[in-house]
Amino acid sequence: MSLKIHNILPFVALFLVLQSCKSTEEEKAKPNVLFILADDFGYHDMSVMGSKYYETPNIDRIATEGMIFTDGYAACQVCSPSRASIMTGKFAARHGITDWIGAATGEKWRNAGRSNQLLPPEYNHALNKDYITLPEAMKEAGYRTFFAGKWHLGEKGSWPEDHGFDINKGGWDVGSPMGGYFAPWENPNLESGPDGENLSMRLARETVDFIKANKDTAFFAYLSFYAVHGPIQTTQEKWAKYRQKAEEQGIPESGFKMGHFLPIRQVQDNPIYGGLVETMDDAVGVVLKALDEMGLAENTIVIFTSDNGGVSAGDAFATSNLPLRGGKGYQFEGGIREPYFIKVPGMGNGQKCVTPVSGTDFYPTILDLVGAPLKPEQHNDGVSLLPLLKGENIAERPLIWHYPHYGNQGGEPSSIIREGDWKLIHYYEDGHEELYNLKNDISETSDLAAEFQDKKEALSKKLFAMLDEMGARYPERDPEWTQEKEDAHMKNVIEKRWPQLEKQRLQFLSPDFDPENNWWGSKVTRD
């Protein structure tokens with residue numbers, strides 16, 4: 001008996017080796033996925049989308065070698081809800097993370113120094129662990145999963161490694177780059193580099209290291225930049241480049257226009273932000289170059305998008321999204337319409353798709369592209385965009401947004417529905433609704449609610465039917481609010497904040513501008 005076993009062992013070993021080789025070959029045959037998510041990056045913050053100021057050749061490459069979704073949307077006008085929607089394929093009203101995690105609600109909003117008519121409702125502060133997230137679905141499909149950068153979807157216990165990522169480099173509670181964009185930084189999940197190391201470049205190098213280590217297996221790499229979130233920082237060299245560029249293009253005396261609650265930037269001429277954008281693009285180039293050099297580019301799907309619109313008010317008042325109205329935090333197109341590029345080798349190269357699509361669609365689209373079974377019970381509000389990538393069509397469906405909060409950028413508590421060319425906005429302060437035809441009015445300047453009353457009522461009814469089905473929460477009136485308090489607050493914004501912003505803008509553009517802290521440590525030391 002032992003002799004027979006001994007004789008068969010070599011064949012068993014050979015069989016196991018062959019099976020292992022077969023498994024490895026199958027994994028290699030699967031397309032890899034590189035998902036790149038920028039933070040607070042606007043629809044027109046790239047050369048390929050029309051900016052004459054920012055320079056983004058590497059991001060442009062993804063767009064021109066893939067498909068540009070001209071009507072691509074984030075699932076919310078602020079970060080955490082949008083990020084949760086990418087992970088779950090659910091609209092914000094359904095997953096319950098309706099504001100950036102850490103934002104004040106209820107009476108705490110009043111105590112934060114704002115005087116508004118409404119008290120924002122509570123929201124979920126972490127991803128629901130009962131959901132099967134996109135990275136968990138990719139693991140089921142045999143992928144190695146990697147996360148680098150900004151997470152902002154819960155405290156410890158709800159970090160990337162708790163929701164399907166094998167490796168987490170830099171993802172934790174907060175949404176800002178604590179300590180800034182140059183080492184030393186403060187991040188419990190990303191060891192600080194040598195003084196002056198750039199955070200975006202470090203995240204790119206971590207991603208490349210993961211790809212190199214897993215080039216012979218199927219991988220899902222999720223590169224989630226902290227850039228271009230505030231605080232905006234750059235090197236002296238890049239600041240000088242963009243200051244000179246602004247001067248050559250002509251510097252208008254005024255750069256802001258008053259919005260409902262805050263001044264809104266009207267021009268792209270912030271040289272610090274320009275340098276921050278270019279560095280992020282450089283980091284994207286590092287990863288794309290690595291894919292080329294390792295021979296993986298022809299078997300790697302590359303996706304690029306942002307979590308909300310560019311910051312034109314609040315935060316760093318960094319960019320202009322014109323001709324789109326508003327920006328981050330706003331209910332207008334500048335707050336929710338995003339760069340949305342999908343590059344699939346051999347499919348859709350250089351084409352533009354005008355079908356409205358959402359961040360909820362990435363989950364089923366990626367599964368479909370890699371040949372994994374869809375999970376419609378999970379990605380409830382997303383659909384696969386594979387037909388669009390093939391040049392076909394998908395059924396028209398409504399997209400909705402639910403942001404019953406004020407936010408820090410001047411947007412108003414509202415809910416939105418887009419169906420076809422029509423967009424309706426419901427405002428919770430007074431219940432009024434605005435109706436826009438985006439095909440004819442991309443800047444949302446002509447409210448057609450009175451002229452198309454039937455369309456307004458039909459969209460409003462559909463919007464609230466969907467919100468109620470999802471268990472949406474709504475704001476409540478603040479019994480302590482007075483018009484006098486709000487008027488006093490707005491008087492301060494108009495008479496003090498606005499002039500300060502205009503002065504700061506020109507200071508940034510002054511030839512002798514000095515941030516007074518050695519350019520944030522961006523000059524790498526060798527000692």
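Quick caveat: nothing in here was measured; it's all calculated off a predicted structure.
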Next on the checklist: Quick check: do Asp195 and Pro184 have side-chain heavy atoms less than 4.5 Å from each other?
Outcome noted: yes

Next on the checklist: Classify the ring geometry of Phe35 against Tyr222: parallel below 30°, tilted from 30° to 60°, perpendicular beyond 60°.
Outcome noted: parallel

Item to check | N-O pairing of Lys238 and Asp282 below 4.0 Å | outcome: yes

Checklist entry - With distance as the sole test, does Gln266 use its side chain to make a donor-acceptor pair with the main-chain N or O of Ile264 at under 3.5 Å? => result yes

Next on the checklist: Between Tyr181 and Thr234, is there a side-chain donor-acceptor contact under 3.5 Å, judged purely by atom types and distance?
Outcome noted: no

Checklist entry - Does the Tyr131 side chain pair with the main chain of Lys90, one donor and one acceptor, at a distance under 3.5 Å? => result no

Next on the checklist: Taking the basic N atoms (NZ, or NE/NH1/NH2) and the acidic carboxylate oxygens, is any pair closer than 4.0 Å for Lys461 and Glu457?
Outcome noted: no

Checklist entry - Under 4.0 Å between a Lys/Arg side-chain N and an Asp/Glu carboxylate O for Glu237 and Lys241? => result no

Checklist entry - Taking side chain as C-beta onward, heavy atoms only, is Phe41 less than 4.5 Å from Ile59? => result yes

Next on the checklist: When you compare the side chains of Glu333 and Tyr73, does any donor N or O come within less than 3.5 Å of an acceptor on the partner?
Outcome noted: yes

Next on the checklist: Tell me which pairs pass ring-ring contact (aromatic ring centres under 6.0 Å, His included) where either residue lies in residues 81-104, with sequence neighbours left out.
Outcome noted: none

Next on the checklist: Within the 4.5 Å heavy-atom criterion, are Leu399 and Ile417 side-chain neighbours or not?
Outcome noted: no

Next on the checklist: What I'd like to find out is whether the side chain of Glu434 reaches to under 4.5 Å of the side chain of Phe332, using heavy atoms alone.
Outcome noted: yes

Checklist entry - Is Asp447 paired with Lys456 through a side-chain N to carboxylate O contact shorter than 4.0 Å? => result no

